[in-house]
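The block underneath contains the structure these notes are about, expressed in structure tokens.
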Number of protein chains: 2
Amino acid sequence: MTGNSPDFTVSLRAAGLRPTRQRVALARVLFEGGHRHVTAESLHAEVKATRMPVSLATVYNTLNQFRDAGLLREVVVAPGRSYFDTNTGHHHHFFVETDGELHDFPSDEVTIAGLPAPPEGTKLSRVDVIVRVRR
Amino acid sequence: MTGNSPDFTVSLRAAGLRPTRQRVALARVLFEGGHRHVTAESLHAEVKATRMPVSLATVYNTLNQFRDAGLLREVVVAPGRSYFDTNTGHHHHFFVETDGELHDFPSDEVTIAGLPAPPEGTKLSRVDVIVRVRR
DNA sequence: CAAGAACCTTAGAATCGTTCTAAGTATTTG
DNA sequence: CAAATACTTAGAACGATTCTAAGGTTCTTG
Ligand SMILES: [Mn+2]
Ligand SMILES: [Mn+2]
Ligand SMILES: [Zn+2]
Ligand SMILES: [Zn+2]
């Protein structure tokens, strides 16, 4: 290792994934710097700009594997397109409907009181709050 | 008029839509009886069962027109599929991830406190709360 | 109640985001 | 290093949705 960047080789192996060139390149784009919200297409465009060739199929495969490994979370805000979120902690979203932007806000400032009990025979998985706004 | 069913001709005209055979048939399936959550495919199957032939393209057109007219609301809970909701009032949803079911719960029992201000230059459109549960 | 204008429905093609297939390539293991 | 295993990829396939363009329905006006 020659730089000071996080060692994605380690976290990929820890997730049970071989640290291939493509996955390391994608991890760098995703996890270096602050939290991100990407689509497969936007991530593909970004990684191509680093001159590391990665196919769109691999971007899809990798996003799904990272999500399954808990490195990413999938956020559903608009029909027909998936967003992937590098922030896997508890938080909620502003969705700017007019331009498709997604912004985090912390869930610890928000209180949700009076939620009814889940339907018979089900257990809670997650509570998503999406605040839709427009410009 | 021979029955006691609501006059969908009137509400369609009020929405600026001609009360065609197809739209009236779809309105009956959607709005007679209690609130519904449908997909284009599920609604198409239901209306076909009434022996009134309606193409899938018309189901899509009509759902979009009803949504634009405020008769329906679109709910995004899962990637790759749109749900349409006949309940246009304030309320939130349970989504049973394991079988794709959507259930309402009233928003007046729920309190959401501490929401941050919308990003600069945006105004609030709607707050969606989706409680995801699994069997 | 014409008859034209406006609007609507539809089959089938097209599009879009995503997944699959299968053949070649990289990574790991011993 | 060789064999085993996992990965990447082009291109085909897919499922949901939208579009096109041609024929049918509904509305308006006299
Ligand atoms: Mn997926
Ligand atoms: Mn739509
Ligand atoms: Zn986020
Ligand atoms: Zn509802």
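All values below come from the heavy atoms of this structure, side chains included, with hydrogens, waters and symmetry mates left out. First the proteins, then the strands, lettered A, B, ... as listed; each starts at 1.
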Open item on the list: I need the full list of salt bridge (charged side-chain N to carboxylate O under 4.0 Å, His left out) pairs touching residues 34-58 of chain B, with sequence neighbours left out, sorted by first then second residue.
Closed with: Arg36(B)-Glu46(B)
Open item on the list: Nearest whole Å is fine: how far is dA16(D) P from Phe84(B) CZ?
Closed with: 14 Å
Open item on the list: Short of 4.0 Å, heavy atom to strand atom, which residues of residues 39-48 of chain B count as contacting DNA chain D?
Closed with: none
Open item on the list: Report for the helix from dC1(C)-dG30(D) to dG30(C)-dC1(D): angle between first-end and last-end helix axes, five pairs each, rounded to 10 degrees.
Closed with: 30°
- [ ] Please list, chain by chain and in numerical order, all residues satisfying ring-ring contact (aromatic ring centres under 6.0 Å, His included) with His37(A), sequence neighbours excluded.
- [x] His93(A)
Nucleotide N/O of nucleotides 7-11 of chain D paired with protein N/O under 3.5 Å:
residue : atom : partner  : partner atom : Å
dC7(D)  : OP1  : Arg18(A) : N            : 3.3
dC7(D)  : OP1  : Arg23(A) : NH2          : 2.3
dC7(D)  : O5'  : Arg23(A) : NH2          : 3.3
dT8(D)  : OP1  : Thr20(A) : OG1          : 2.5
dT8(D)  : OP1  : Gln22(A) : NE2          : 3.3
dT8(D)  : O3'  : Gln22(A) : OE1          : 3.3
dT9(D)  : OP1  : Pro53(A) : O            : 3.4
dT9(D)  : OP2  : Ser55(A) : N            : 2.9
dT9(D)  : OP2  : Ser55(A) : OG           : 3.2
dT9(D)  : OP2  : Thr58(A) : OG1          : 2.7

Open item on the list: Could you tell me how far apart Leu26(B) (CG) and dC8(C) (C1') are, to the nearest whole angstrom?
Closed with: 13 Å
- [ ] Mind running side-chain contact (heavy atoms from CB on, under 4.5 Å) on Thr122(A) and Phe94(B) for me, showing each step along the way?
- [x] CA-CA 10 Å; Thr122(A) 68; Phe94(B) 281 115; over 6 Å; no
Open item on the list: Please report the distance, rounded to the nearest Å, between CG in Leu63(B) and P in dT9(C).
Closed with: 12 Å
Open item on the list: I'd like to check the salt bridge (Lys or Arg N to Asp or Glu O under 4.0 Å) partners of Arg13(B); sequence neighbours left out, ordered by chain and number.
Closed with: none
Task: Linked hydrophobic residues, Val76(A) as query - side chain contacts closer than 4.5 Å - done: Val76(B)
Task: Which residues share a ring-ring contact (aromatic ring centres under 6.0 Å, His included) with Tyr83(B), sequence neighbours left out - done: none
- [ ] Please identify each residue that fulfils ring-ring contact (aromatic ring centres under 6.0 Å, His included) with His103(A), with sequence neighbours left out.
- [x] none
Task: First of Tyr60(B) and Pro19(B) reached from the 5' end of DNA chain D, by closest nucleotide - done: Tyr60(B)
TODO: To the nearest Å, give me how far apart OH (Tyr83(A)) and C1' (dT18(C)) are.
DONE: 16 Å
TODO: For Asp99(B), enumerate each residue passing the side-chain contact (heavy atoms from CB on, under 4.5 Å) test, keeping only those at least two apart in sequence or located in another chain.
DONE: Val96(B), Glu101(B), Arg135(B)
Open item on the list: Tell me every residue that passes ring-ring contact (aromatic ring centres under 6.0 Å, His included) with Tyr60(B), counting only those two or more places apart in sequence or in another chain.
Closed with: none
Open item on the list: What is the separation between atom CZ on Arg13(B) and atom P on dT28(D), rounded to the nearest whole Å?
Closed with: 8 Å
Task: Within residues 110-127 of chain A or reaching into it, pairs that qualify as salt bridge (charged side-chain N to carboxylate O under 4.0 Å, His left out) - sequence neighbours excluded - done: Arg126(A)-Asp128(A)
